[in-house]
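Contents: one structure, followed by commentary.
Fair warning: this is a prediction, and the values are worked out from it, not measured in the lab. The figures that follow rest on heavy atoms only: side chains count, while hydrogens, waters and symmetry mates do not. Here is the naming used below: chain letters follow the sequence lines, and residue numbers restart at 1 for every chain.
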Amino acid sequence: MRLLAIVGPTASGKTQLGIALARALGGEILSADSQQIYRGMEIGTAKPTAEERAAVPHHLLDLAEPAELLSAGAWAREAERAIAEVAARGALPIIVGGTGLWLRALLHGLVELPEVDRALRVQLMEEGARLGSQALHTRLAAFDPKAAATIEPANLQRVVRALEILEQTGEGPSAHWERHRFRPARYQARLLGLSPPRELLYARIDARAAAMFREGLLEEARLLMERYPGAPALERAIGYREARAVLEGEMSIEKAIESTAMATRRYAKRQLTWFRREEALEWLPWPVDVGALIGRLGEEGWRGNYPVP
RNA sequence: GCCCAGGUAGCUCAGUUGGUAGAGCAUUGGACUGAAAAUCCAAGUGUCGAUGGUUCAAUUCCGUCCCUGGGCA
C-alpha cells in the first residue's frame with residue numbers, strides 16, 4: 001500500500017504542507033503525534049484547527065483522554081486501520097507527524113509483545129526509586145546481558161521496560177529484538193522531511209510559544225487540570241506543564257513562555273536527531289516549493305482517486 | 001560623597017591558604033522496539049571588571065579606578 005509521510009521537527013510547517021498536498025493530490029491526513037491524540041489539548045499541541053480539519057479529513061486526532069495512556073503499539077494498530085479505511089476510499093494516505101517512535105512502529109512494526117502491564121510498571125518504577133536505576137540494571141544484566149549493554153544504567157525508564165518484557169514473556173528483550181530488527185517495511189512509503197534552518201526554526205518556536213499563551217493555553221490547561229487531575233499527559237506535555245506551574249503560582253507567565261520555548265527547542269533538536277537517522281527520508285530543500293513538489297509527486301503517481309480541486 | 005556587599009562560562013553561582021579554574025542550567029552532537037513533547041549519554045566554552053604594585057609566579061595579596069546592588073548622607 002502506498003502512502004506519503006511528512007515528518008520533521010515541531011513548528012517546521014508539517015500541518016500546512018500536509019493540507020496543501022492532501023488537497024492537490026486527493027489525500028487524507030493521518031496524524032502521527034503522541035500529544036495531539038489527546039482530546040481537549042488543542043492550543044498547546046498546535047493541533048490542526050477546525051478550519052484545517054474541515055478543509056481536509058484528519059484522522060488519529062482525539063483518540064484518548066488526557067488521563068489515558070496510549071502505547072505506541074496500540075496507536076500503530078489504530079493507524080493501520082485508519083490507513084486501510086482511507087485507502088479503501090481511494091484517497092492517498094498522508095501521515096503527518098513528528099513522533100519518531102510512532103512512525104517507526106507504523107512503518108516497520110514493533111516486536112510482538114503483550115500490552116503494557118501498568119501495575120508491573122508501577123511496581124518496577126517504585127523499586128527503581130528505592131534501589132536506584134543501577135540496581136535494576138544489574139538485575140537485567142544477570143538475565144539479559146546483551147540488552148543491558150545497550151541500555152544506560154541511569155536510564156530507569158528503559159531499564160524498567162526491559163524488565164517488564166522479561167517478566168511478561170519470560171524472555172529477555174534482546175531475544176525479541178534480534179528476531180525482529182524492524183526488517184519489513186510494511187508500506188510503500190514516501191518519506192518527506194521538513195527542516196527549516198535552525199535559526200528560523202527556533203524563531204518560529206519562540207513565536208509559537210508566546211502565541212499559545214496569548215491564545216489561551218492557561219485557560220485550556222486550567223479546565224483540563226480540573227477535569228483530569230493528575231493526568232500524565234498534562235504533566236508531561238510541553239506547554240501544559242509550564243501552564244500548570246503558572247496556575248499553581250510557581251512561575252510567572254513570562255518565565256513560562258520562555259521555558260516552553262526552551263523545552264520545545266530541545267525537543268525539536270531530538271526530533272531532528274531521530275529523523276536524520278532515517279535513510280529513506282528525503283529532506284526537502286528550504287523554503288519548500290510546494291507547487292513543484294505537488295507536480296513531482298503527481299507525476300510519480302502519488303495521488304488518490306479524488307478529483308483534484 | 002561615605003560605608004558595606006559583589007563583579008569568574010550565554011545565565012545563576014562555587015572555587016583557588018598564590019602555580020592561569022568548576023558545577024547546574026542553556027547550547028551542540030548522539031542514543032532510542034508500547035511513557036517518546038518521555039527518558040538517557042557525551043562534548044565545547046573563559047582577556048576570573050580594568051590598571052599599577054609585591055612575587056620566580058597574581059584570577060587569588062595590596063593600591064587606584066570603573067560598574068552593579070544595598071545602606072548612610
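- The salt bridge (charged side-chain N to carboxylate O under 4.0 Å, His left out) test applied to K47(A) returns E42(A), D62(A), not counting sequence neighbours.
- Among the protein residues, V111(A) comes within range of the nucleic acid bases, having at least one heavy atom under 4.0 Å from a base atom.
- Across the protein-nucleic acid pair, W75(A) atom CH2 and A35(B) atom P stand 15 Å apart, rounded to whole Å.
- A salt bridge between E235(A) and R244(A) is present, with a side-chain N of the basic residue lying under 4.0 Å from a carboxylate O of the acidic one.
- A salt bridge does not link E126(A) with R130(A): none of the charged nitrogens is closer than 4.0 Å to a carboxylate oxygen.
- Side-chain contact annotation: R208(A) with T10(A), donor-acceptor N/O pair under 3.5 Å present.
- Rounded to whole Å, the distance from CZ on F182(A) to P on U33(B) is 7 Å.
- Counting only distance, with no hydrogens or angles, the side chain of K14(A) and the backbone of G8(A) share a donor-acceptor pair below 3.5 Å.
- Each of V116(A) and R241(A) lies near RNA chain B, and the nucleotide nearest V116(A) is the one positioned closer to the 5' end.
- Here C40(B) presents its P atom at 12 Å from CD of Q134(A), a figure rounded to the nearest Å.
- At the heavy-atom level, E164(A) lies nowhere under 4.0 Å from the strands shown.
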Show each protein N/O and nucleotides 42-45 of chain B N/O combination with a separation under 3.5 Å, one pair to a line.
none

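- Among the candidates V159(A), D144(A), L156(A), V160(A), the single residue satisfying the side chain to side chain contact (heavy atoms under 4.5 Å, CB included) test with I151(A) is V159(A).
- Going from atom CG of L156(A) over to atom P of A35(B) covers 13 Å, rounded to whole Å.
- The pair E299(A)-R296(A) does not meet the salt-bridge criterion, since no charged nitrogen lies less than 4.0 angstrom from a carboxylate oxygen.
- Nearest nucleotide to the E152(A) side chain, out of A35(B), U33(B), C41(B): C41(B).
- M41(A) comes within 4.0 angstrom of nothing in the nucleic acid, heavy atoms only.
- One atom, CG of L101(A), and another, P of A38(B), lie 13 Å apart when rounded to the nearest Å.
- Base contact: T45(A) has a heavy atom under 4.0 Å from a base atom.
- Regarding I151(A), its CD1 atom lies at a distance of 11 Å from the C1' atom of U39(B), rounded to whole Å.
- With salt bridges taken as basic N to acidic carboxylate O contacts below 4.0 Å, none links R77(A) and E80(A).
- In this structure, L113(A) atom CG and U33(B) atom P are separated by 11 Å, rounded to whole Å.
- Side-chain atoms of R236(A) lie closest to A36(B) of the nucleotides G34(B), U33(B), A36(B).
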- prompt: Where each pair must be Watson-Crick or G-U wobble with both distances under 3.5 Å, what dot-bracket representation of RNA chain B is obtained, with crossing pairs in [ ] and other-strand partners as |?
  reply: (((((((..((((.....[..)))).(((((.......))))).....(((((..]....)))))))))))).
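- Side-chain atoms of Y240(A) and E220(A) include a donor-acceptor pair closer than 3.5 Å.
- Using a 4.0 Å heavy-atom cutoff across all strands shown, G100(A) reaches no nucleic acid atom at all.
- Around CD of E112(A), the count of heavy atoms belonging to other residues, nucleotides or ligands within 6.0 Å does not exceed 12.
- The salt bridge (charged side-chain N to carboxylate O under 4.0 Å, His left out) test applied to R276(A) returns no partner, not counting sequence neighbours.
- Listed by chain and number, the residues in a side chain to side chain donor-acceptor pair (under 3.5 Å) with E171(A) are R179(A) (sequence neighbours excluded).
- For A154(A), the listed nucleotide lying nearest its side chain is C41(B); candidates were G34(B), U33(B), C41(B).
- In this structure, I238(A) places its CD1 atom 9 Å from C1' of A38(B), rounding to the nearest Å.
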Please list, for nucleotides 24-31 of chain B, all pairs of protein and nucleotide N/O atoms separated by less than 3.5 Å.
{"from": "U28(B)", "atom 1": "OP1", "to": "R198(A)", "atom 2": "NH1", "distance (Å)": "3.4"}
{"from": "U28(B)", "atom 1": "OP1", "to": "Y202(A)", "atom 2": "OH", "distance (Å)": "3.0"}
{"from": "U28(B)", "atom 1": "OP2", "to": "Y202(A)", "atom 2": "OH", "distance (Å)": "3.2"}
{"from": "G29(B)", "atom 1": "OP1", "to": "R198(A)", "atom 2": "NH2", "distance (Å)": "3.1"}
{"from": "G29(B)", "atom 1": "OP2", "to": "R198(A)", "atom 2": "NH1", "distance (Å)": "3.2"}
{"from": "G29(B)", "atom 1": "OP2", "to": "R198(A)", "atom 2": "NH2", "distance (Å)": "3.4"}
{"from": "G29(B)", "atom 1": "N7", "to": "K269(A)", "atom 2": "NZ", "distance (Å)": "2.7"}
{"from": "G30(B)", "atom 1": "OP1", "to": "R276(A)", "atom 2": "NH1", "distance (Å)": "3.3"}
{"from": "G30(B)", "atom 1": "OP2", "to": "T273(A)", "atom 2": "OG1", "distance (Å)": "3.2"}
{"from": "G30(B)", "atom 1": "OP2", "to": "R276(A)", "atom 2": "NH1", "distance (Å)": "2.2"}

